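Every value quoted in this text rests on a predicted model; they were computed, and no experiment measured them. Numbering of residues begins at 1 and proceeds along the displayed sequence. Below, each value reflects all heavy atoms present in this structure, side chains not excepted, and no hydrogens, waters or symmetry copies.
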Amino acid sequence: NVEQHRARDAAQGDLAFDLEGGFAGALDALRRVDHLREPGDVEEIGLRSTRLRMTDGNMIIVPNSELVNSKIMNLSMPNRELACSSEIRVGLDVSFEKAREVAVVVLKSLSQEKRILNERSQKVYLRSLGQGYQSITVHFWVGDFEDSAEVTSELNTRMLEGFRNAGITLAVPTPGN
């Protein structure tokens with residue numbers, strides 16, 4: 001049957017590709033990757049697939065052919081620095097400059113405490129305007145990607161406190177926003 005031969009040939013081609021991908025991955029000595037938009041640690045590189053332990057503890061198995069055809073970011077090489085950002089929505093009645101001042105004070109305090117990198121870019125942008133809100137993005141760098149969630153949480157906590165002290169309220173989400 002012609003269809004069975006085509007299916008077998010395709011499977012053999014994928015097998016050869018998986019084998020080649022497995023060896024290439026092993027040679028690259030991947031330790032930590034950003035795959036499927038989530039970081040994870042490489043647990044095992046096999047002939048056909050690679051096992052990734054995600055930061056939430058789940059294990060995913062990815063065919064090597066998919067890894068070879070994907071953009072992979074090795075988060076542990078050459079260094080551990082990571083760019084982070086946080087988005088905050090405030091009402092249109094709030095002055096962007098006033099909200100920006102709060103964000104800059106928070107960035108400076110985290111910088112002085114060595115929680116974020118002072119020598120890297122720190123920026124506050126008016127990212128977009130929506131129905132009843134303005135979206136503000138705070139961009140910063142951490143020295144170790146494993147600290148990114150904790151530092152982002154600390155930044156958000158201090159931003160909330162700073163906004164409360166400045167009399168700035170966050171925009172209330174409306175359906176569809």
Between the main-chain N or O of Ala149 and the side-chain N or O of Ser153, is there a donor-acceptor pair closer than 3.5 Å? no
Same apolar cluster: Tyr133 and Tyr125, side chain cutoff 4.5 Å: no
State, with a plain yes or no, whether a side-chain heavy atom of Leu170 is found less than 4.5 Å away from one of Leu160. yes
Connected via hydrophobic side-chain network under 4.5 Å: Ile88 and Leu92: yes
How far does CD1 of Ile136 sit from CZ of Arg89, to the nearest 0.5 angstrom? 11.5 Å
Checking Val124 against Thr137 for the side-chain contact (heavy atoms from CB on, under 4.5 Å) test, could you report, in this order, the C-alpha distance in whole Å, the side-chain angles of both residues, the deciding distance, and whether it holds? CA-CA 6 Å; Val124 180; Thr137 299; over 6 Å; no
A side-chain contact here means heavy atoms from C-beta on lying under 4.5 Å apart; do Leu52 and Val42 qualify? yes
Look at the side chain of Ser148 and the backbone N and O of Phe145, then say whether any donor-acceptor pair between them is shorter than 3.5 Å. yes
Rounded to the nearest 0.5 Å, the OG atom of Ser121 sits from the NZ atom of Lys123 at a distance of 4.0 Å
Between CE of Met159 and OG of Ser86, what distance do you get to the nearest 0.5 Å? 6.5 Å
Is the number of heavy atoms from other residues, nucleotides or ligands under 6.0 Å of Arg127 CZ greater than 12? no
Nearest 0.5 angstrom please: Glu81 CD to Arg120 CZ, how far? 5.0 Å
Is the closest side-chain heavy-atom distance between Gln122 and Ser111 below 4.5 Å? yes
Any link between Leu129 and Val138 through a network of hydrophobic side chains (Ile, Leu, Val, Met, Phe, Trp, Tyr) touching at under 4.5 Å? yes
Are Phe96 and Val106 connected in a single hydrophobic cluster, I mean Ile/Leu/Val/Met/Phe/Trp/Tyr linked by side-chain heavy atoms less than 4.5 Å apart? yes
Checking the side chain of Asn64 only, and the main-chain atoms of Gly46 only, is there a donor and an acceptor separated by less than 3.5 Å? yes
Look only at the side chain of Gln134 and the backbone of Val94, and say whether a donor-acceptor pair between them is shorter than 3.5 Å. yes
Distance (rounded to the nearest 0.5 Å) between Ile61 CD1 and Glu44 CD: 9.0 Å
Backbone N/O of Asn118 and side chain of Gln112: donor-acceptor pair under 3.5 Å: no
For the student: nearest non-hydrogen atoms of Thr152 and Cys84, plus distance: OG1-CB, 4.2 Å
In the single-linkage hydrophobic clustering (I, L, V, M, F, W, Y; side-chain heavy atoms under 4.5 Å), do Leu117 and Val151 co-cluster? no
Derivation of the side-chain contact (heavy atoms from CB on, under 4.5 Å) call for Leu155 and Phe140: CA-CA 10 Å; Leu155 175 116; Phe140 59 97; 4.1 Å; yes
With rounding to the nearest 0.5 Å, note down the distance linking CZ in Arg164 to OG1 in Thr169. 11.0 Å
Contact summary for Ser135 and Glu87, nearest pair of heavy atoms: OG-OE2, 2.5 Å
